[in-house]
Amino acid sequence: QDSGRFVAPGANSPLPDVDKIINNDWPMTSESVVEGTDELRPLIPPKHDHLRGNDARSNAAAATIYMAAFAQAGQGPAALATQYLLKDYFGLGPAESAYWLSFHSIGWVIKPLWGFISDSFPILGEHRRPYMIFVSTIGACAFFYYGYVTSLYQFVMILILTNACMSFLSVIAQALLVQRSGKESLHGASFNFSSYFIVKLTCGAICTYAAGLSLERMPARSALMLIALLFIPVLLISPWMQETPSAEALHPLDQMAIVRRLYARREVWGTTLYIFVFCSMPNAASAMFFFNVDVLHFSESFISIIALCASAASVFGLVIYHNFFTEIPFRRLFGAATLVSVLVSLTPLIQVFRINRKYGIDDHVFALLDTFIIMTVIEVLWIPMLVLASRLCPKKVEGTTFALFLSIHNLGVWMSGVNSWALTQALGVSRDNLQNLWMLVVLCSLSMLLPLCLLPVVPAVDPEILRDQGSSETSTPTADLTNA
């Protein structure tokens with residue numbers, strides 16, 4: 001959910017030999033561009049005009065990408081409103097809320113399926129536009145149906161469906177990011193990612209704040225219904241995108257063969273395993289939500305301001321990484337950022353024990369500062385994971401492979417919800433008993449140390465270098481890669 005520009009062969013070009021792609025004998029990037037490609041306009045125009053596909057100059061295509069990011073901004077207000085729906089309408093506590101809300105990740109875990117479908121099965125020769133129109137329509141209808149949900153099982157089904165639609169939209173946008181960033185430097189790849197997510201986070205912050213204000217004036221289900229409006233710009237703009245019919249896609253079995261050989265490489269499965277384990281650690285977010293609302297008596301609008309602060313911190317983290325940390329080796333950056341994350345995730349204890357009040361620091365001020373610091377560090381850790389994953393995506397299966405990386409991240413998020421539920425239950429933390437909340441915060445923070453055991457399997461250098469080394473070998477490229 002990027003950092004490379006992969007140029008698809010033209011309609012008259014012969015398909016590359018799959019074995020050559022698998023063994024890195026076929027170049028994964030190319031400076032030549034054949035007229036008639038199906039590339040879309042990049043989000044940020046490159047310094048050198050080396051994208052010459054006739055779709056690359058389409059303003060409608062660029063606008064559609066931004067509108068897809070705008071539709072995905074519904075994640076923020078949806079996450080806020082669903083917490084209130086479970087708390088106020090269904091009467092659930094922190095453990096139960098964490099469990100049921102974790103099912104939103106299923107819509108993102110199946111992300112490789114969306115990438116596989118869009119890469120393998122064009123509609124009337126188009127990979128992007130028809131899917132964007134169809135998925136946006138389904139997403140708008142699904143959000144509108146929140147107004148008629150009466151049971152937890154209906155809630156879970158709509159929760160999965162709405163997130164699946166936003167997941168599909170992100171697959172299309174992120175596949176374009178991967179396509180156009182493969183020939184870029186690591187700094188350029190970081191810039192592509194950062195600019196895209198800044199747009200997404202900024203829109204998400206504004207929508208989340210608006211949702212917080214609306215929750216003070218209407219029920220949570222009504223606020224969720226309003227999110228359907230975010231899909232309307234995609235439906236209005238995407239039909240104007242003129243997508244050129246693409247060259248014949250690789251056969252699905254050939255795609256699966258490429259992915260299978262890709263995951264036989266140490267830097268690939270090592271990166272994937274690290275992302276999964278890090279994201280599957282438990283967190284105290286659900287319990288802290290009840291602490292903020294029931295103990296500190298934060299209003300709905302201030303809860304949305306906290307979310308707004310988190311989005312601003314994420315943008316700040318993107319800027320910090322892009323300007324100061326892109327040249328730091330991934331392994332060293334992951335290790336240092338993880339240790340800092342453990343330390344800053346302990347800071348909510350100051351508020352739990354009311355230490356801030358002893359020094360005259362208002363709860364509202366401390367909550368904003370604490371959220372900003374934590375989210376900045378988390379973003380500095382997360383964005384290089386995306387950059388690293390995108391550098392490993394082979395040509396012509398960018399959507400599938402990058403979606404697979406992110407789906408494993410989302411599977412970890414789902415596991416995190418389950419682990420959070422189990423740990424919260426084990427400590428006896430409920431909406432009426434927050435006595436052991438401090439223990440939950442400590443254990444969740446310390447659990448973030450576990451992924452450090454996997455640092456040796458994370459690439460120490462830019463995977464682009466590893467890939468270039470592999471393409472120059474006459475033997476199986478994984479021989480030297482295992483020492484990365």
Side-chain angles (χ1 to χ4, degrees), residues 73-102 104 143 146 155 159 162-163 201-227 230 283-316 344-345 347-352 354 356-357 361-376 378-379 417 420 424 429-432 434 437 440-441 444:
Q75 289 178 261
L80 179 64
T82 50
Q83 289 186 86
Y84 278 100
L85 183 64
L86 292 180
K87 175 180 178 292
D88 298 334
Y89 181 80
F90 291 104
L92 301 186
E96 294 85 356
S97 295
Y99 175 75
W100 291 110
L101 289 175
S102 69
H104 88 279
F143 270 108
Y146 264 119
F155 169 81
L159 182 70
T162 52
N163 280 276
L201 289 169
T202 301
C203 295
I206 296 172
C207 293
T208 302
Y209 180 67
L213 295 178
S214 65
L215 285 170
E216 294 184 340
R217 298 166 174 81
M218 63 180 67
R221 62 172 67 251
S222 299
L224 287 166
M225 293 174 70
L226 289 176
I227 299 176
L230 298 179
N283 64 79
S286 181
M288 286 301 299
F289 171 76
F290 280 82
F291 178 79
N292 290 335
V293 174
D294 295 338
V295 177
L296 302 182
H297 304 293
F298 289 168
S299 65
E300 290 87 346
S301 59
F302 186 75
I303 293 294
S304 68
I305 292 176
I306 293 178
L308 184 66
C309 180
S311 298
S314 296
V315 173
F316 184 68
V344 299
S345 62
T347 54
L349 292 175
I350 297 175
Q351 199 161 36
V352 171
R354 320 302 288 129
N356 60 298
R357 297 305 297 269
I361 303 176
D362 184 75
D363 289 326
H364 296 75
V365 174
F366 183 85
L368 293 176
L369 291 176
D370 189 44
T371 299
F372 189 88
I373 294 172
I374 292 175
M375 291 307 301
T376 298
I378 292 297
E379 197 66 28
S420 301
T424 304
V429 177
S430 66
R431 65 185 304 168
D432 300 318
L434 297 173
L437 177 59
L440 180 64
V441 172
C444 290

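Nothing fancy with the numbering, it's 1 onward along the sequence. Keep in mind it's a predicted model, so treat the numbers as computed, not measured.
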Original post:
When rounded to the nearest 0.5 angstrom, what is the spacing between CD1 in I305 and CZ in F298?
Top reply: 10.5 Å
**OP:** To the nearest 0.5 Å, tell me how far Y209 OH sits from L80 CG.
**Re:** 12.5 Å
Original post:
Hey, what do you get for CG (L440) to CZ (F291), rounding to the nearest 0.5 Å?
Top reply: 12.5 Å
Original post:
With side chains defined as the heavy atoms from C-beta onward, is the minimum distance between H104 and T162 less than 4.5 Å?
Top reply: no
Subject >> side chain to side chain contact (heavy atoms under 4.5 Å, CB included) between Q351 and L296, intermediate numbers included >> reply: CA-CA 10 Å; Q351 199 161 36; L296 302 182; 3.6 Å; yes
Original post:
Should the pair F143 and Y146 be assigned to parallel (<30°), tilted (30 to 60°) or perpendicular (>60°) ring geometry?
Top reply: tilted
**OP:** Mind checking ring pair (Phe, Tyr, Trp, His ring centres under 6.0 Å) for F372 and listing every partner two or more places apart, or none if nothing turns up?
**Re:** F316
Original post:
Who passes side-chain hydrogen bond (donor to acceptor under 3.5 Å, both in side chains) against S345, sequence neighbours left out?
Top reply: S445
Original post:
Got a sec, which residues hit ring pair (Phe, Tyr, Trp, His ring centres under 6.0 Å) with F289, two or more places apart in sequence or on another chain?
Top reply: Y84
Subject >> Which atom of A284 lies closest to which atom of C444, heavy atoms considered >> reply: N-SG, 3.8 Å
**OP:** Kindly give the heavy-atom pair with the smallest separation between S314 and E379, and that separation in Å.
**Re:** O-CG, 3.2 Å
Original post:
Any side-chain heavy atom of T208 within less than 4.5 Å of one from L308?
Top reply: no
Original post:
Can you name the nearest heavy-atom pair linking A211 to P77, along with the distance?
Top reply: CB-CB, 3.5 Å
**OP:** Please round to the nearest 0.5 Å and tell me the distance separating atom CG of L85 and atom CZ of F155.
**Re:** 5.5 Å
Subject >> Shortest non-hydrogen separation from L215 to A220 and the atoms involved >> reply: CD2-CA, 3.6 Å
Subject >> Residue Y99 excluded, over 12 heavy atoms near OH under 6.0 Å >> reply: no
Subject >> Any P94 side-chain heavy atom under 4.5 Å of L437 side chain >> reply: no
Original post:
side-chain hydrogen bond (donor to acceptor under 3.5 Å, both in side chains): which pairs involve residues 364-373, sequence neighbours left out?
Top reply: T347-D370, D362-H364
**OP:** Check side-chain hydrogen bond (donor to acceptor under 3.5 Å, both in side chains) between E300 and all other residues, then give those that pass, not counting sequence neighbours.
**Re:** none
Original post:
Taking the side chain as C-beta and beyond, is there a heavy-atom pair between L368 and F302 under 4.5 Å?
Top reply: yes
Subject >> Spatial distance of atom CZ (F366) from atom CZ (R354) [nearest 0.5 Å] >> reply: 10.0 Å
**OP:** With sequence neighbours excluded, give me every salt bridge (charged side-chain N to carboxylate O under 4.0 Å, His left out) pair touching residues 80-98.
**Re:** K87-D294
Original post:
Out of curiosity, C207 SG to L226 CG, how far, rounded to the nearest 0.5 Å?
Top reply: 11.0 Å
Original post:
Between A310 and M375, what is the shortest heavy-atom contact and its length?
Top reply: CB-CG, 3.7 Å
Original post:
What pair of heavy atoms forms the shortest contact from S304 to G212, and how long is it?
Top reply: CB-CA, 3.3 Å
